[in-house]
Amino acid sequence: DYGAFIHLRFPDGLYHLTGLVHVSEVSWDLIQDIRDILNEGDEVRVKVIKIDREKSRITLSIKQLEEDPLLETLEKVIPQDGSVISDSSSMSSSNSNTIEPLPGLGAIFEELLQEDGIDDVRITRQGFEKRVVSQDLQLWLSNAPPSGKKFTLLARAGRQVQEIQLSHSLIRKASKRHCNEYWNVFHETAIVNN
């Protein structure tokens, strides 16, 4: 119920060690029963993520050999060029008046708008991923570089991803410091609302 023991095959073809892949390290998807993913006798590739010599334990991961879906979101769920994904995912562009914020985001927007220098916070686009990684609200600053006086944030819960534009009226010298302060407010509020 808590994971799978993996017998590690060495270059000589023999199995000298056994490690554990915890259920949380099997897949980026939410797993109810590990038996839905792995069966006895399956051959899998793993990454060694921890060796505890004192307890004689090896911790392994299958999912860390794949790209984190949170990082895929920038390129695959909400493409930076604005193109729409042609498979079962869907995309819509709009403003925050027509896209309903994910649960908890409204309170975060109100908190951010009370900060000096924040002019506007709005949802600009949303997309839907093929799989659910977490039901919890997850928030992060996009890898996209700031555009003028706008920062891009991403929010996600379940399959839904929303792109948020944060506009500010800070001078360039102070914007990095203030961005870090705003991110701390954003992050602390997100923890409270999870």
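What you see is a predicted model; the values in this text were computed from it and never measured.
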Results of side-chain hydrogen bond (donor to acceptor under 3.5 Å, both in side chains) for Asp12 - residues two or more places apart only: His16
Set of salt bridge (charged side-chain N to carboxylate O under 4.0 Å, His left out) partners for Asp33, sequence neighbours left out: Arg35
Member of Leu105, Leu154, Thr124 meeting the side-chain contact (heavy atoms from CB on, under 4.5 Å) criterion with Gln162: Leu105
Set of residues satisfying side-chain hydrogen bond (donor to acceptor under 3.5 Å, both in side chains) with respect to Glu110, sequence neighbours excluded: none
Closest heavy-atom pair and its distance - Ala4, Leu38: CB-CD1, 3.8 Å
Minimum heavy-atom distance between Asp119 and His168, given as atom pair plus value: OD2-C, 3.2 Å
From CA spacing to verdict: side-chain contact (heavy atoms from CB on, under 4.5 Å), Gln165, Thr152: CA-CA 5 Å; Gln165 290 290 324; Thr152 303; 3.1 Å; yes
Smallest separation among heavy atoms of Ala155 and Ile164, with atom names: CB-CD1, 3.9 Å
Pairs touching residues 54-63 that satisfy side-chain hydrogen bond (donor to acceptor under 3.5 Å, both in side chains), sequence neighbours left out: Glu25-Ser61
Any residue meeting side-chain hydrogen bond (donor to acceptor under 3.5 Å, both in side chains) with Ser167, in chain and number order, not counting sequence neighbours: none
Spatial distance of atom CD (Glu66) from atom CZ (Arg45) [nearest 0.5 Å]: 10.5 Å
Gap between atom CZ of Arg122 and atom NZ of Lys150 - 0.5 Å precision: 7.5 Å
Pro101 to Gly106 - nearest heavy-atom pair and separation: CB-N, 4.4 Å
Listed partners of Val46 passing side chain to side chain contact (heavy atoms under 4.5 Å, CB included), at least two apart: Ile6, Leu8, Val21, Val44, Leu60, Ile62
Side-chain cluster (under 4.5 Å, hydrophobic types only) that Tyr15 belongs to, other residues: none
Partner residues of Ile31 under the side chain to side chain contact (heavy atoms under 4.5 Å, CB included) criterion, sequence neighbours left out: Val23, Val26, Ser27, Ile37
Candidate pair Leu153 and Leu139, rule side-chain contact (heavy atoms from CB on, under 4.5 Å), full reasoning: CA-CA 7 Å; Leu153 306 169; Leu139 307 164; over 6 Å; no
Pairwise distance OG(Ser169) to CG(Asp116) - rounded to 0.5 angstrom: 9.0 Å
Whichever hydrophobic residues join Leu65 through chains of side-chain contacts under 4.5 Å: none
From NZ (Lys50) to CD1 (Ile58), nearest 0.5 Å: 12.5 Å
Pair listing, salt bridge (charged side-chain N to carboxylate O under 4.0 Å, His left out) test, anchored in residues 13-24, at least two apart: none
Phe5: side chain to side chain contact (heavy atoms under 4.5 Å, CB included) partners, not counting sequence neighbours: Tyr2, Thr18, Leu20
same_hphob_cluster(Leu17, Ile49) at 4.5 Å side-chain heavy-atom cutoff: no
